[in-house]
Amino acid sequence: MKMETPALAVPAPAKTSIQVIERMMALLDALANYADPVSLKELSRVSGLHPSTAHRILNDMVATRFVDRVEPGTYRLGMRLLELGNVVKSRLSVREAALDFMRALHRKTQQTVNLSVRQGDEIVYIDRAYSERSGMQVVRAIGGRAPLHLTSTGKLFLSIDDSKAIRAYATRTGLAGHNKNSITDLARFERELSLVRARGYARDNEELELGVRCMAAGIFDDSGKLVAGLSISAPADRLQEEWLEDLVQTAASISATLGYRPSPAA
């Protein structure tokens with residue numbers, strides 16, 4: 001007598017991990033839209049999840065501290081998210097956040113794109129996007145330095161200083177110039193910084209190097225602090241005004257990556 005081999009039972013498809021994660025993210029996104037604790041009913045409505053499903057997932061997230069249960073039936077984002085956010089922030093450098101954006105801006109303009117930070121009375125170039133086709137006579141090496149008052153990025157940093165600090169800088173450095181275009185008069189330089197504040201960007205009109213012009217926009221971190229400057233350098237006769245909008249938008253995108261959120265207009 002032939003024995004039949006019993007068929008193996010095929011397990012019913014289980015909920016995939018991706019599906020669970022998608023539902024968790026839907027609830028987290030919903031919670032992020034509210035400043036105050038939110039009811040289960042409202043979270044279910046906004047996320048599109050059945051109340052029992054939302055309740056089950058919220059319970060799991062409460063246990064892992066991603067969500068806080070303020071009182072029975074109401075929830076808010078948990079402290080675990082803040083802890084993880086601080087870890088990400090501590091590991092995310094301006095250079096890492098900026099590099100892909102810099103390369104994209106370079107591809108669009110075909111000019112040198114610089115990333116600089118302030119150290120004392122100078123800016124330091126910490127990265128650049130550059131190619132031979134940019135036609136630049138002078139390209140500052142990574143790690144190179146330049147006086148604040150002779151560079152577009154340096155002017156951004158000085159523009160956020162008060163008048164006392166600006167005059168102290170002028171006393172320390174003597175506003176020494178590199179060529180006939182350098183601004184070495186304090187009153188004229190203070191007027192230049194006023195323009196930078198009003199415009200929200202800065203220019204270097206052959207003040208550091210003859211034949212080279214630059215424009216710069218600021219990069220801000222999540223606390224609103226100016227942490228770096230993004231600039232385009234080009235031969236003086238090739239710098240195009242339409243690049244300014246691209247530059248400002250690129251700097252804003254880098255700032256957003258660092259967690260910066262502009263204050264709403266009054």
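As a basis for the values below, the full set of heavy atoms in this structure was taken, side chains included, without hydrogen atoms, waters or symmetry mates.
Counting heavy atoms from C-beta outward, Tyr34 and Arg76 have side chains that stay 4.5 Å or more apart. Between Leu105 and Leu230, some side-chain heavy-atom pair lies under the 4.5 Å cut-off. Contact of the Ile18 side chain with the Glu22 side chain is registered, since non-hydrogen atoms from C-beta on lie closer than 4.5 Å. Arg172 is listed as a side-chain neighbour of Asp121, based on a closest heavy-atom distance under 4.5 Å. The shortest side-chain heavy-atom distance between Tyr75 and His55 falls under the 4.5 Å cut-off. Side chains of Met102 and Leu115 form a contact here, defined as non-hydrogen atoms less than 4.5 Å apart.
With a 6.0 Å radius and a threshold of 12 heavy atoms from other residues, nucleotides or ligands, Glu242 has its CD atom above the threshold.
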Test salt bridge (Lys or Arg N to Asp or Glu O under 4.0 Å) on Glu206 and Lys180 and set out the steps.
CA-CA 9 Å; Glu206 301 184 69; Lys180 62 184 178 63; over 6 Å; no
Asn114/Thr153 under side chain to side chain donor-acceptor pair (under 3.5 Å): CA gap, chis, key distance, verdict: CA-CA 9 Å; Asn114 310 289; Thr153 292; over 6 Å; no
* To do: Step by step, work out the side chain to side chain contact (heavy atoms under 4.5 Å, CB included) result for Arg103 and His106.
  => CA-CA 5 Å; Arg103 289 170 176 164; His106 169 65; 5.6 Å; no
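A salt bridge is defined here as a Lys NZ or Arg NE, NH1 or NH2 lying under 4.0 Å from an Asp or Glu carboxylate O, and Glu241 with Arg203 meets this definition. Using a 4.0 Å cut-off between charged nitrogen and carboxylate oxygen, Glu207 and Lys155 count as a salt-bridge pair. Under the 4.0 Å criterion applied to side-chain N and carboxylate O atoms, Asp161 and Arg118 are assigned as salt-bridge partners. With respect to the salt-bridge test (charged N to carboxylate O, under 4.0 angstrom), the residues Asp246 and Lys108 qualify.
Atoms OG1 and CG, from Thr250 and Asp100 in turn, are 12.0 Å apart once rounded to the nearest 0.5 Å. Note that CZ of Phe220 is 12.0 Å distant from CD1 of Ile254, once rounded to the nearest 0.5 Å.
Under a hydrophobic-cluster definition in which Ile, Leu, Val, Met, Phe, Trp and Tyr are linked whenever side-chain heavy atoms come within less than 4.5 Å, directly or via other members, Ile126 and Val113 are assigned to the same cluster. Residues Leu195 and Leu158 do not share a hydrophobic cluster, defined by chaining ILVMFWY side chains whose heavy atoms lie under 4.5 Å apart. Each of Leu247 and Val196 belongs to its own hydrophobic cluster when Ile, Leu, Val, Met, Phe, Trp and Tyr are linked at side-chain heavy-atom distances under 4.5 angstrom. Criterion: ILVMFWY side-chain heavy atoms under 4.5 Å apart, direct or through other members. Under it, Val117 and Leu226 are not part of a common hydrophobic cluster. Tracing side-chain contacts under 4.5 Å through hydrophobic residues (I, L, V, M, F, W, Y), one never reaches Leu150 starting from Leu156; they form parts of separate clusters.
Here the closest heavy-atom approach between residue Gly177 and residue Ser182 is recorded as CA-CB, 3.5 Å. Heavy-atom minimum distance, Tyr125 versus Leu208: OH-CD2, 4.0 Å. Heavy atoms only, all atoms of each residue included: Ala234 and Trp243 are closest at CB-CZ3, 4.1 Å.
For the pair Arg128 and Tyr130, the cation-pi criterion (under 6.0 Å, within 45° of the ring axis) is fulfilled.
Between Met61 and the choices Asp68, Leu77, Leu81, Leu28, the side-chain contact (heavy atoms from CB on, under 4.5 Å) rule is met once, by Leu28. Paired with Leu58 under the rule side-chain contact (heavy atoms from CB on, under 4.5 Å), one option of Leu49, Val67, Thr53 passes, and it is Val67. The only member of Arg167, His149, Arg191 that meets side-chain contact (heavy atoms from CB on, under 4.5 Å) when paired with Leu186 is Arg167.
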